[in-house]
Amino acid sequence: QVQLVESGGGSVQAGGSLRLSCAASEYLSSSYCMAWFRQAPGKEREGVAAIYTGGRTAYADPVKARFTISQDSAKSSVYLQMSSLKPEDTAMYYCAASFGLICLGSPLQSGKYSFWGQGTQVTVSS
C-alpha cells in the first residue's frame, strides 16, 4: 500500500504562488502515473495535472501556463508549482498515484488512480 503525503498548501493573495509537494512511501517503478487533483466545496473532484512514464505531462485547461508538475529523480515525489493563482483555484488539493500505465489516454481521470493522499488546502483571496 503506497502512502502519499502532501504538503505546501496555505493561503495566498491572487497573483501569488505556492508549491505543493507529495512524497510517496516507496518507489513507484519505471511505469507509473502521479497526479494532482483538487476539490472545491460543492464541486466534483477534478484533475489538475499529471506526470507519467517518460516524464510526460498533462494539464487541465484552467491551469495551463500557470501550473507546472514535476518530479524528483527518484520518482518518489511529485511537485506542483502554482503561479498567478486565482480565487477559483481555492480547493483541497490531493496527490494521487498508480503503478503501471493505467492512466494513459486519460491521465486526469480520478478513476485511474489507486492511491491518494489526505489533501492540502489552498486558499486564494482576491
Side-chain angles (χ1 to χ4, degrees):
Q1 183 78 4
V2 176
Q3 294 184 339
L4 303 173
V5 179
E6 302 100 333
S7 60
S11 297
V12 65
Q13 289 191 330
S17 299
L18 282 174
R19 185 177 189 243
L20 305 183
S21 299
C22 172
S25 58
E26 61 183 81
Y27 174 59
L28 292 174
S29 83
S30 59
S31 297
Y32 63 90
C33 299
M34 294 189 79
W36 288 95
F37 288 78
R38 67 185 182 186
Q39 187 166 19
K43 294 187 177 181
E44 293 187 355
R45 188 171 297 188
E46 62 176 355
V48 175
I51 189 165
Y52 48 107
T53 301
R56 287 171 282 186
T57 59
Y59 294 92
D61 286 343
V63 307
K64 283 181 179 177
R66 298 190 298 121
F67 291 10
T68 302
I69 190 169
S70 61
Q71 64 187 155
D72 68 346
S73 58
K75 300 181 179 61
S76 60
S77 292
V78 65
Y79 309 97
L80 186 68
Q81 178 66 47
M82 304 185 294
S83 303
S84 302
L85 283 161
K86 304 175 181 180
E88 50 264 43
D89 294 319
T90 295
M92 185 71 78
Y93 283 70
Y94 298 91
C95 178
S98 279
F99 291 109
L101 301 176
I102 190 172
C103 69
L104 285 185
S106 52
L108 298 180
Q109 183 178 340
S110 60
K112 299 295 185 180
Y113 293 86
S114 304
F115 309 108
W116 292 84
Q118 294 299 308
T120 185
Q121 178 69 37
V122 171
T123 302
V124 184
S125 58
S126 57

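- Val48 and Tyr113 are assigned to two separate hydrophobic clusters, defined by single-linkage of ILVMFWY side chains at heavy-atom distances under 4.5 Å.
- Under a 3.5 Å cut-off, the side chain of Ser21 and the backbone N or O of Ser7 do not form any donor-acceptor pair.
- Connection of Phe37 to Leu4 is not established within any shared hydrophobic cluster, with ILVMFWY side chains joined at heavy-atom distances below 4.5 Å, either directly or through further cluster members.
- Tracing side-chain contacts under 4.5 Å through hydrophobic residues (I, L, V, M, F, W, Y), one reaches Tyr32 starting from Val2; they form part of the same cluster.
- Distance alone, capped at 3.5 Å, places no donor-acceptor pair between the Ser77 side chain and the Asp72 backbone.
- Nearest heavy-atom pair across Val122 and Leu18 is CG1-CD1, 3.9 Å.
- Atoms CZ and OG, on Arg19 and Ser83 in that order, are 11.5 Å from each other to the nearest 0.5 Å.
- A 4.5 Å side-chain heavy-atom check between Tyr94 and Leu20 finds every atom pair outside the cut-off.
- Between Met82 and Arg66 the shortest side-chain heavy-atom distance does not fall below 4.5 Å.
- Note on ring orientation: taking the six-membered ring where Trp is involved, the planes of Phe115 and Phe99 are perpendicular (angle over 60°, cut-offs 30° and 60°).
- Looking at Gln3, its side chain never comes within 3.5 Å of a backbone N or O of Ser25 through a donor-acceptor pair.
- Side-chain atoms of Tyr79 never come within 3.5 Å of backbone atoms of Thr68 as a donor-acceptor pair (strictly under, hydrogens ignored).
- Side-chain contact between Ser98 and Lys112: absent, with no pair of heavy atoms (C-beta onward) separated by less than 4.5 Å.
- Contact detail for Pro107 and Ala50: the closest heavy-atom pair is O-CB, 3.5 Å.
- Tyr52 pairs with exactly one of Ile102, Thr57, Leu104 by the side chain to side chain contact (heavy atoms under 4.5 Å, CB included) rule, that one being Leu104.
- For Tyr59 (side chain) and Ile69 (main-chain N/O), a donor-acceptor pair under 3.5 Å exists by modelled atom type.
- The side-chain heavy atoms of Leu80 and Phe67, taken from C-beta on, include a pair separated by under 4.5 Å.
- If you take SG on Cys22 and CE on Met34, they are separated by 4.5 Å, rounding to the nearest 0.5 Å.
- A donor-acceptor pair under 3.5 Å links the side-chain atoms of Glu6 to the main chain of Gln118, judged by distance alone.
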